[in-house]
Amino acid sequence: MDNYLLTIILALPIAGVAALLVLGRGDHEGALERKTLLKWTALLFALATFAVSLALPIMFDSAGGLQFQTNVPWITAFKLGVHYHVAIDGLSLWLVLLTTLLTPVALISSWNSIHHRLREFLISMLALETGMIGVFVAMDMFVFYLFWEVMLVPMYFLIGVWGGERRIYAAIKFVIYTVVGSLVMLAGIIALYYLHGQATGNFTFDIETITKAMQARPFLSSVEQDWLFWAFALAFLIKVPLFPFHTWLPDAHVEAPTAGSVILAGVLLKMGTYGLMRFNLPIFPEASQHYAALISALAVVGIIYGALVAMVQPDLKKLVAYSSVSHLGFVVLGIFSFTDQGLQGALYQMLNHGISTGALFMIVGMIYDRRHTRLIAEFGGLANVMPVFSALFLVVTLSSIALPLMNGFVGEFLVLVGTFTSPTLPSARLFTALAATGMILSAVYMLWMYQRVIMGETRNEENLKLADLNVRERLALAPIIVLIFLMGIYPGPFLSRSDAATRAIRARVNHAQAPARANEAGEQGSRGAGEQGSSHASRTGMKK
Amino acid sequence: MVPLSWYLGLSALLFTIGAMGVFIKRNTITIFLCIELMLNGVNLTLVALSGFFGDVSGQLFVFMVIAVAAAEAAVGLAIIISIFRNRESLNVDDADTLKL
Amino acid sequence: MEKALFIIIAVIAVAAALNVLIQRNPLYSALSLIGTMAALSVLYVMLRAQFIAAVQIVVYAGAILVLFIFVIMLLNAPKQQLQIDKQKGLRYLAIPLAGLLLAEAFYVVWRVQDIAMPVVKEGEEAVGTTWSVGVALFTHYLLPFQVAGVLLLMALIGAVVLARREGDK
Amino acid sequence: MDQPGITNYIPILIIFALAVVFATAMIAMSRFMGRNRPTREKLAPYECGVEPVGTARERQSVKFYLVAILFLLFDVEVVFLLPWAVVFRKVLTSPEYQHLKFVFYGGMMVFLFLLVVGLIYEWRKGILDWNR
Amino acid sequence: MQPGQLAIDFHAILPEIITVLAAVLIMMIDAFTRRINRRVAGAVALVGLAGAAAAVVSLWGGKVESSFSGMIVTDDFRLFFAMIFIIVTFLIVLISLRWVEDEELPTGEYFMLLMFATTGMLLMSAANDLVMIFLGLETTSIATYVLCGYRRRDLRSNESAVKYFILGSFSTAFLLYGIAFIYGASYDPNLSPVATTNLQLLKERLASDQLFSGPMLLAGAAMMLVGFGFKVATAPFHIWSPDVYEGAPTPVTAFLSTGSKAAAFASFSRVFILTFFAAAPVASGMTDSAVSALREVSTNALMVMAILTMTIGNLVAIVQNNVKRMLAYSSIAHAGYALVGMVAGDWRAVAFYLLSYVVINIGAFAVIEVIARRGDKRTEIADYSGIGFQTLGLAAALSLFLLSLAGIPLTAGFMAKLLVFKSAWAAGFHVLVVIGVINSAISWYYYLRVIVAMFFREPATGFQRPVLARSLVAGLVLAILGTLYLGILPGRVLDALEKASDIMTTAARR
Amino acid sequence: MTTDQLLEWTIKIGVIFFILLTTVAYLSYVERRVAGWIQLRVGPNRVGPFGLLQPLADGLKFIFKEDIIPREASKWLYLIAPAAAIIPALMSFIVIPFGSSVTLFGREITLHVTRFDVALLYILGVGSVGVYGVMLAGWSSNNKYSLLGGLRSSAQMISYELSLGASIVGVLLVAGSLDLVTIVEAQGATSGYWLGFIPKWNIFLQPIGFIIFFLSAMAETNRVPFDLPEAEAELVAGYFTEYSSMKFAMFFMSEYFHLITVTSMATTLYFGGWNGPFIAEYPFLSLVYFVLKVFIFIFIFMWIRFTMPRFRYDQLMALGWKVLLPASILNLIVTATVILFVN
């Protein structure tokens, strides 16, 4: 039942890289034509990837689990049991699409803003795309880790080569943060692999197998669960980034080129939250329960902190960056509410944030291209000179604020509901209330920013000469605007496809709730005690 | 009859003196001499054990060690010669190009 | 009697070894080392390793240290030029390290059981004679022997390539 | 030390002691019995009256050194030859080692091959030519 | 006397014979042609190595045999390491073919010494007796002492050689003292031979716990630990290596940090894992015997060494401004990772680690060699500024190697680390894994520094695109392919390793 | 080990000392006489009948001459050097068999001080240590001529030591022992004769080896034509330029001791040692044979000294390294191969 669709999607950008390599560098004679050719090639491959990936939601079976599976043994020696296992389920379906959509969009948006090392830039973008897709489709921890790390390299180069003034600092900071997290995760992966193998005799990195084994008969003591939970969570929370680990993000965002920022905000951050939902919740449900309050608290702190800091930023990009910290807090909060709504909302919010924030970065990039500054104070009254731009900016801003009928609203609302009704989270209501405050704050800083940039008089003379958006820029923003409204008005098709997956996670976490403590009690004796507890738990879980 | 432990003790002493010399001496050749001293300490241990065990293999080992020590001496002194020539010709007073 | 001899020889060996350290001039150190070598050679004979004792004199005293002294004499260098730079702290580490080393070694020595030297038959088949070494060299130590040959050849090339004049090709 | 064959080494110590005594005596004799009227001129190094000219040693010294190196390495090889030479004939004649006959022969031939190769190399490289 | 028969088996030492003959041949060519053509010397070396590789392959097949009175053992452990050494020298010859000529150094001797060093390394992996280990080690060491000082006119090279020589011989003395003690500890008057340096017999005697002196055994192991510690440059015995690596000519540095290090690890593993650890299985009942104490103590010591080595190597590497020196510290750190595998008692992981490391590291040094130019002049990180886009191929290759050293997936470096950490985890050394992982994270910083300099900084003035010799390109391509092959499709190598036999788990014939 | 034995050793050594010293004293006399004879000069003839008391006079002169330690010299080394030269020179005699055993005072007394397994190696070792005397003398005088002379001399000595050692290996292959007594006994009457009358001396088996040995020995003892280190014209007096009085005499003596050693060795190794006719009946004859053989060699040495021109230094080294060493190795290989196939 192998299905190679995902492999094709993974391979297409790499094929693009190969094509670019063959086409040669862009600095020679006839550079202009060559550059155009290169850009079109890259775009073509990105679009092709997107086109192929469109088949995924269409052919997706909402009720099914993992789909489009490919599972080929890769490294079997030393009981490593590494498989090239790719598949998607409701969790990853939309994230894959988000990736394939944002890549061509980002390419278009930075069509004319890259002047040197164009070929290398395009190669990095395409390689990055493969890496990101790989992370979402990998169903083997080994493969997952592989994409997770490999993806760093093109991102690193994007920031380091084509970034702003402090790009070196930002690039290194970005990589070191991520690598620290991911290497700890590597230790976790090895430990999980080994403990699973030891308990079941089946040494494998397969995520599904391990998840199921954990469900059937927990093989981790609660101490082990705690350690492993944090090993994984650290990597993901850094990537998200959750409040105390967020400091790399503003730097990276500010210094990255527009396309990089779009991808960074749009997709990369989602990998953290995706990881939480893929690994932490299903595999370490008890630990997740145990630390839910702590993480939720951090998430809330992040929401408010991000919003407050965003408010005082003089730099547009930095503002958007901090708003990301705030928004991602919602996602984490939703995830750790362990309710259907919360999880659904979190997933939905991931998409929303990818779209809206991606769009915001594009917009910032567009005016940066024109004015070469991002300071809010430099602008004002752009509505007069750039009407189309202002309109689109408004839509995106409102989407980010989560105005009803816009995509953001659906996501954040679901999250708040989920959190509010969370059965497990202590003082859930307080969290909800605080998070809602964050929403309000986000409206404040976004609108204030909009007002300062777009409204009022056109004071700065330089702004008078600005041209409105051209066709290319409009084209780049168009799909996003469409999606903003589509997802806001008609979220059904989106939610229905991810429903099964989030439900499964929710069931898994809640189901493990009771045995968590029972298991601990039975720790001294045999592991068998845990089984009793879990059967008991499953009954209570069913009653719900 | 001299007990085995006396021999071992003596060789340990020689080895230690040699090792100490490697640390405290600064002249390259003297350091090298100290290393030879250490090797001699080891040789005494091997010969003593071999003698008390009535087993010739320890002595064969010492034979090899002596041969190797000769090779080492040849190469080591060649190195010292070459550095000396360079320092002399360069007339560098304190040639610590490589800091430790 | 034998113990007395051992003690005399041991004192000579240690004194000469210490003198290696005490002397500032490498030439004196080298000469002092010859004393240790000779003393050890006597001990080897006492341990019945006659052949090794002779080899010790021929190779160590008669060849290796000759080479050393040759070099010292030829370079006749100001002290500084023969020095290698080391970390300053290394000197102060020497004493504790040596103490540690001695403690370890003497722990071993302390705990070692004293066994009697086995009584061996007279004649050249006894352990330690040229005959016994020769036979072992071509039976059990055949391969190490050949490797030693390779090693010496290599050392020859290596030493010459470093030491010969620049112009030589 | 009362081991067979070992006592025979004691005369070495005796002759060494006597030789040392003898040498010391001779040195002392000349020191104390000779006239001792040093003058500056006498104590000056004998230089044929010519003032020393800088160090022209360098070229020469490397040659000396190389000879010493070659000597050291070949000396070790010769020392390896000795035990072989001692056992070789008896190994050939004693039935106990008959099967090892060619090992003893071949082993040394390989060793000699290496030695000769080294010698040829030095020869061709001109290390053995003093006047180069 | 020694066990077993003489068992003269020329097939068993065929690789060594071939390398020695190749060296002698080079020597004769060098002696009898007026001005040696480097291609001839290099070609002979390459052919010799290929022959040695063929000989190794012909020996492959899971059999375990000891020959030459137990001096040599033919098992897959040996053959695997032998392959590593042959690969190392092959690559080194390739990357230095042109270099030797450009630097106007004596060509024939260079390749000769390389071949002799390889012989020594091959013997180290094959050795089944401490005397062979000693001789192999010395053959390698002495050859590398000379190679370090090979650029005779360069003071840095001279000093490097002196330092390497002094500390190398110093460590040899320790190793020898350890061997002497081990020899003493193995004494058993009821057995023949009464005392032994043969590792197989040693293991049997240790396992039976009939020891002459327990303290002697422990002291011997400790001394050997110090000796080997110096040879593989583990902290706190690493102090020599940065100076030596920095001062030595670049291809030699590459050889030092890969070949001789791997060889030292081979012997280290042979002695500690396959003899000491094998003699005292963890689950054995002898809890208070000297042998189990040996295992415990040496495991702990190795663990401390591994932690120190990784940490010091990585932390100090951060502040280095010279690429060679930085890679020297990186090499220290990598020895630490390999030690993690040793602590776990898994020589297979160590072997794979070293295989990966040598391929990557030689590749990295090949690039550095080219960029350094004649006389190793440009080795500061500042010299790398902005060369990334000026010589994209080289810079990309170097980046690949550095990232692989950092352990990025899809390259050999990652697989190697994974295996090592995995076996350490399986053996219960969780702390070690965590520390190793944290260290890997630290290491990213300094590897990235070079990439930063190459790609992100403004070009330094005066950089000209180096002319690449074909042989060097071939070496680089091989290294790149190797790095990727071991990272992406390590299956075959791993399978071979998994099935590999070693003398201590499989009884040797003869 | 009994006190008796100790006493016996000591007495033997004492006797040897005495004989050696007298021999050396008269050797210098003899040498001058021989020189006179060959070069048609007179030689010493004033002191005592035929000048026979000349050595005594020389000795007294040495003792009472002014002892000078040069200003710049390293004092201790300067003093030690002659001792370092003479001590090793004296030490090799204990293993040389001067004769078979004789009965004296009702005791059977062997005419060698001692015998042991590695005797020959011992001689080689002691001989190689002798180099230090030369080196130190050259160094400590702190005189350029001395230094160069010392270096040259020691380089020459060690070069020829190699071929000396390698040529001895040929004898060892035949004799199968390093013990000189065994080697001599193997050449004796008990081993029989070739063709009924040729004694089984090694010279007949190792003629080439002997020639190499002889030449090396000559060079080793710094005799003409190998006396370059002392080359008066070039280097004043070589390494002992700065030495005077007794210390000068010590170098002088040690050279003669060496001369006696190598001639004894030549006798022992190649010419059957003390073997000769009728020694079974008259053991004392063996001593006579030995002394006779040795003196013949010494005479040959002296003869050569005064008839041959001196080598140039490069020729000297070339002879050692390019002729004698390869020849001795070749000799060795041939010998081994012959033994392999003959046995």
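Every chain is numbered from 1, with letters handed out A, B, ... down the list of sequences.
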Supply the atom-to-atom distance [X] [atom1] to [Y] [atom2], rounded to the nearest 0.5 angstrom.
X: C:Y28; Y: F:I80; atom1: OH; atom2: CD1; answer: 8.0 Å
X: C:N25; Y: F:L77; atom1: CG; atom2: CG; answer: 8.0 Å
X: C:T130; Y: F:F116; atom1: OG1; atom2: CZ; answer: 10.5 Å
X: F:L121; Y: C:F51; atom1: CG; atom2: CZ; answer: 5.5 Å

Can you name the side chain to side chain contact (heavy atoms under 4.5 Å, CB included) partners of F:V262, sequence neighbours left out?
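Checked F:V262 against side chain to side chain contact (heavy atoms under 4.5 Å, CB included); matches are F:A217, F:T221, F:F301.
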
Which atoms of C:L65 come close to chain F, meaning under 4.5 Å heavy atom to heavy atom: side chain ones, backbone ones, both, or neither?
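Both parts, backbone and side chain.
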
Part of F:I158 within contact of chain C (heavy atom distance under 4.5 Å)
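Contact with chain C is through the side chain of F:I158 alone.
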
Quick check on F:A84 against chain C: is it the side chain, the backbone, both or neither that has a heavy atom closer than 4.5 Å?
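F:A84 has no heavy atom closer than 4.5 Å to chain C.
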
What are the two closest heavy atoms between [X] and [Y], and how far apart are they?
X: F:A155; Y: C:F70; result: N-CZ, 4.0 Å
X: C:V58; Y: F:S128; result: O-OG, 4.2 Å
X: C:M73; Y: F:L151; result: CE-CD2, 4.2 Å

At a heavy-atom distance under 4.5 Å, which candidate from C:I69, C:V66, C:I57 has the highest pair count against chain F?
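When all of C:I69, C:V66, C:I57 are compared, C:V66 has the most.
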
